[in-house]
Number of protein chains: 2
Amino acid sequence: MRVVTVERTGEHEGRTVTVRGWLAARRSSGKLHFLQVRDGTGTIQCVMSKAEVAEAAFALADHLPQESSLEVTGVVRADPRAPIGYELGVTDLRVIHQSADYPITPKEHGVAFLLDHRHLWLRSSRQQAIMRVRAEVIRACREYFDGQGFLPFDAPILTPAACEGTTNLFAVPYFDETAYLTQSGQLYGEAGALAFGKVYVFGPTFRAEKSKTRRHLTEFWMIEPEMAFAGLDEDMDLAEDFLVHVVRRVREQRAAELRVLERDPAPLARVEKPFPRITYAEALDVLHGKGFALEWGADLGGDEETALSESFDRPVMVHRYPVESKAFYMKADPADPRCALCVDVLAPEGYGEVIGGGQREDDATMLEDKIRSHGLPLDAFGWYLDLRRYGSVPHAGFGMGIERCVAWLCGLHHVRETIPFARMLERLRP
Amino acid sequence: MRVVTVERTGEHEGRTVTVRGWLAARRSSGKLHFLQVRDGTGTIQCVMSKAEVAEAAFALADHLPQESSLEVTGVVRADPRAPIGYELGVTDLRVIHQSADYPITPKEHGVAFLLDHRHLWLRSSRQQAIMRVRAEVIRACREYFDGQGFLPFDAPILTPAACEGTTNLFAVPYFDETAYLTQSGQLYGEAGALAFGKVYVFGPTFRAEKSKTRRHLTEFWMIEPEMAFAGLDEDMDLAEDFLVHVVRRVREQRAAELRVLERDPAPLARVEKPFPRITYAEALDVLHGKGFALEWGADLGGDEETALSESFDRPVMVHRYPVESKAFYMKADPADPRCALCVDVLAPEGYGEVIGGGQREDDATMLEDKIRSHGLPLDAFGWYLDLRRYGSVPHAGFGMGIERCVAWLCGLHHVRETIPFARMLERLRP
C-alpha cells in the first residue's frame, strides 16, 4: 500500500495509491459516489463505482457524514477538469472515524461563529489557502535574511520596560515584579546588530489596543531586521529588495492558493523594483492635490495612506516624517532636524503600512535627551545607551507585520483570518 | 572601496578590501599594531606597520580603546597561523566611534555581572559561537520540517486555559479576563494536524517555575511537530531522523564555533540512527543494575537520566512511561493500559531530556474522562474534544526545547547562555 499526499498523486498516474484524509464533500448518483477528500495538501475527487468496489465499501459511503476521516485506495487517473489535474478511481475505502454532525455547513455563518469554531474553520478551502500563503511568507522572510547573512536573533518576549510608554502594553506579574509583553524586538535587535553586524528578530509581539479595527490584532508576528553600518538609504534598499522577494515567492509557490482566494494577480505582479520614494512633504503635496487639507506635522491615517497608494502602481516608500510623530529612537535628519530618518512602506490597493523602519539615533547624548523629553525612565534604558557608548555605529532596520502582509497578498479585508488563532479585544478563544 | 565581511575575506586574497567592525583586542610593538577586528561573522587580525600607513592613522591606533568601531582597509594576505587563514595588511584606518572604558575586561567576571551586561557580553567570542550554533539549530529545525512537508503553524501565545493546570503559568490580565502565557503549542498543533496533516509549531513558551536549575528558563523556544495518521512508532522514527539531521547540520556548518567552545566532537559524531529504544520498564532494569532502588511508577529525575544515558553511546529513547506521570492527553497503550504511548529522548553525556512526545488520545469519551479525572475544566477543552468528534485520527507529535538542545550541542553546563536574553526567576533585565 503506497500512501501518498494529494499534492503528489500526479506522480503516480496509472498506479494504485492510498490517500488519507477527511471527507470535504460528497455527492452520489445511484451507482456512483463522488467523494472530495482533503488531506491538508489538497483535495482530490475520488470516484467510487458500485461495479468496482465491494458492496460493503459502497454502502459505507452512502451516508458518510462530512469530515469523516478516511483511507481511500484507488488508481490515479488524469482528469483535466480537476483543479489538481487528477482523480482517484476508488478500489477500496476504509472509514477511520465517522464524524458527527459537522457544525460548519455550506450555509452562510457569521464571523463570530466561525471564529468560535476556528479549530474546524481551518479545514475550509479558503482558510487552508490563507494558511499556506502565510507559511510561504514566513519561509520567504527567513530565506531572504538567511541568504543575506543576517543572523536569526530572538528578542525576549517578557521585557522590563516599554519602548513607547506602557499604555498599550500587556502587564504580566513576574514573581515580585511586573513584566510587559514585548511590542517590538527592535531595541534588542540593535544590541544584536552591534554584536553580529546583521540580525533579524522574528517572533510574536503584543499590543493591548482596545480598538477594534480590521488591521489590528492584540497578538501578531513581526520580522525585524537590523543592520550595523547602514543608514536610511540602505534601509530602504533592503526593505524594497526584501518585499519584492517575498511577493515573488508567494506568486511562484502559492499560485493555486491565490486562485482559490480569487486574488487578482495583476497588482502583485507589479511589485518590482524600484519602488517610488517620496518624502513626507511630497506625500502632503500629493494629498493636497487630492483635496486633503493637511498641515505639515499631521499624521497620515488610513484614508490618507489609501489615497496616497492609489497614485502609484506598486508599494510606495514615504520617508522623513516629522520627528514629533515618531518614536524616541529615530535619528533626526541632519539636513533638516524636523524630520526623522524613517520610512513607511505603504502597500498598494489601500492595504496601508506593511513596513515601518528607519535609522536609529546613534549618539548617546542625543538619545539620552530624547528619552528624557519623551518622559521615559532613563535607568531602564541604560543598556540601550551602552550601545552608543561602546563602539556606536550608524544602524538601521525595519519591522514587517506578517499578518498585514498576508492580508495584502491574499486580498483580505480583515487580518483576523491571517493567523491560526486570532487574538483581539473580545477574542481569546479557542 | 570593496566592503567585505570577515568570513569572506579569503575570497579576496591579494586584493584591497575594507572591513567594518569592532576592536576586540590590540597589541603593539613599537612599529607594529596588531588589531583584532570583529564584525560578527568572525575576527581578523589587521597588521598595521608604521612604515605603510599615514602617521595620523598609526597614531590613531596607539591608544584606541577596546570595542571602538572601525573601518579598516588593507590587503588580504594568507596566514596559516590565523584561525580564519587570512590577515589584513592595513593601508588605512578610520575610527567611527571611540569606545569608553569597556566594562567587560579580560579578567574573570561573575555570571550575574555578565548577565547584567548581556547586550555587551554577546560580543565575546564564546557567546558569538553559541549564538551562531543556536541560529544553525533553528535553521536546521525548520529546514527539516519544511522538507518533510510539515506546514509552519503558529499557535497562540495568549491562551484561555492551561494544558496541565495553572500552577506554573504566567497569568496576564487581558482586558476583562485572564489569559495565560502558553507553555506548549501542542493542543493547537493538534488542531493544525487534523486540518493540514502535518504541521509544526515554533515559538516561545513560558513556565513560571520558581526553581533555579541549570536546565530551566522561564521563557524558552520550542519546536513542536504534530502529524495526523501516525502513532508512537512513527513519532519515534520522526524524532530520531530529525535529531540526526539537526546534529549533522551543526557539525557540518558550525565546526569552527564548536572548536571555539572546545566542544568534544566525538559524542556528537556518534549521533546516528538507530537510537536505542527501551521501555520505561527496561530503563528501570538498567537503573537497578546501577544500584538505583526505584519502584515501577517512580519518576526518572536528572540523576536517573544521566545514569541511563551513560549506558548508551548516543541518544536513547525511553518509551511507555506510567500513565500517572504523564499529561492527560497521552494515549494509553492498548497492550498495557498502565503505560502511556509516550517517549522521552535523552541526550548523551548527562544532558537529559531534549525531546518529549507521544501519541495523543484520539477517542472523545476516553479523553473526556481524562480531563475530568485530572480535575481540568471540561468547558475549556470543548474545542479540543471537537478534534475527536469530527474525523478523529491517530496522531502524534513531540516537542524539543531549543535551549536544551543548544546547551547539549555546545557542551554548556547551564541553559542561560543559549538564548540572547535569558529570563529566569531573578532575571528580567536587560
Side-chain angles (χ1 to χ4, degrees), chain A residues 5 20 22 39-41 67-69 96-97 99-100 102 119-120 122-123 131-132 135 138-139 142 146 149 151-158 160 170-175 177 179 188 191-192 195-197 203-204 219 221 229 383 386-387 389-393 419-421 423 425 428-430, chain B residues 5 20 22 39-41 67-69 96-97 99-100 102 119-120 122-123 131-132 135 138-139 142 146 149 151-158 160 170-175 177 179 188 191-192 195-197 203-204 219 221 229 383 386-387 389-393 419-421 423 425 428-430:
Chain A
T5 56
R20 291 167 168 168
W22 291 266
D39 76 344
T41 72
E67 289 304 319
S68 295
S69 46
I96 295 168
H97 177 250
S99 179
Y102 192 60
H119 52 294
L120 303 175
L122 285 167
R123 303 180 182 188
M131 287 302 119
R132 289 163 74 84
I138 291 170
R139 276 198 205 109
R142 291 190 167 264
D146 287 345
L151 193 81
F153 185 84
D154 294 311
I157 308 301
L158 293 164
F170 288 108
V172 187
Y174 188 83
F175 306 113
E177 309 189 62
Y188 293 96
F196 295 95
E219 177 184 321
W221 286 68
F229 303 101
W383 70 271
D386 275 358
L387 304 177
R389 293 182 182 125
Y390 307 109
S392 187
V393 299
I419 188 166
F421 294 89
R423 296 295 181 246
L425 177 55
L428 181 62
R429 297 185 165 74
Chain B
T5 56
R20 290 166 169 169
W22 291 266
D39 78 342
T41 72
E67 289 303 320
S68 294
S69 45
I96 295 169
H97 177 249
S99 178
Y102 193 60
H119 52 295
L120 303 176
L122 286 167
R123 302 180 183 189
M131 286 304 118
R132 289 163 73 84
I138 291 170
R139 274 197 206 112
R142 290 190 168 263
D146 286 344
L151 193 81
F153 186 82
D154 295 310
I157 308 300
L158 293 164
F170 288 108
V172 187
Y174 188 84
F175 306 112
E177 308 191 62
Y188 293 98
F196 295 95
E219 176 183 322
W221 286 68
F229 303 101
W383 70 270
D386 274 358
L387 305 178
R389 293 181 182 126
Y390 307 109
S392 188
V393 299
I419 188 166
F421 294 89
R423 295 296 180 245
L425 177 54
L428 182 61
R429 296 184 165 75

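Residue numbers begin at 1 in each chain, while the letters A, B, ... track the order of the sequences. Because the structure is a prediction, the values reported are computed rather than measured.
Counting heavy-atom pairs closer than 4.5 Å to chain A, the top residue among E219(B), R429(B), R123(B) is E219(B). Listed options M131(B), E67(B), R389(B), R20(B) were ranked by heavy-atom pairs under 4.5 angstrom with chain A; first place goes to R20(B). Residue with the most contacts toward chain A among F153(B), W221(B), Y102(B): W221(B) (heavy-atom pairs, distance under 4.5 Å). Most heavy-atom pairs under 4.5 Å with chain A: of the set L158(B), V172(B), I96(B), this distinction falls to L158(B). Residue with the most contacts toward chain B among A191(A), A100(A), G197(A), A135(A): A100(A) (heavy-atom pairs, distance under 4.5 Å). Contact count against chain B (heavy-atom pairs under 4.5 Å) is highest for P152(A) among G192(A), P152(A), G149(A). Note on I419(B), D146(B), L122(B), L151(B): by heavy-atom pairs under 4.5 Å with chain A, the leading option is D146(B).
The line from CZ of F170(B) to OH of Y174(A) is 5.0 Å long, rounded to the nearest 0.5 Å.
In this structure, F421(A) and W383(B) have tilted ring planes: the angle between them lies in the 30° to 60° band. Ring planes of W22(B) and F229(A): tilted class, angle from 30 to 60°.
Contact of P204(A) with chain B is made through the side chain alone, with heavy-atom distances under 4.5 Å. For P430(B), the parts sitting under 4.5 Å from any heavy atom of chain A are the backbone and the side chain alike. S68(B) touches chain A through its backbone: at least one of N, CA, C or O sits under 4.5 Å from a heavy atom, while the side chain does not. Within the 4.5 angstrom heavy-atom criterion, only backbone atoms of D39(B) (N, CA, C, O) approach chain A. For chain A, the nearby parts of I157(B) are the backbone and the side chain; heavy atoms of each come within less than 4.5 Å. Of the two parts of A171(B), only the backbone, made up of N, CA, C and O, holds a non-hydrogen atom closer than 4.5 Å to a non-hydrogen atom of chain A. The contact between L425(B) and chain A is made by backbone and side chain atoms together, counting heavy-atom distances below 4.5 Å.
The closest side-chain heavy-atom distance from L428(B) to F175(A) is not below 4.5 Å. Between I138(B) and R142(A) there is a side-chain heavy-atom pair separated by less than 4.5 Å. For the pair V393(B)/H97(A), no side-chain contact is recorded, criterion being any heavy-atom separation below 4.5 Å from C-beta on. The shortest distance between side-chain heavy atoms of P173(B) and P173(A) falls below 4.5 Å.
Taking R423(A) as the reference, nothing meets the salt bridge (charged side-chain N to carboxylate O under 4.0 Å, His left out) condition, with sequence neighbours excluded.
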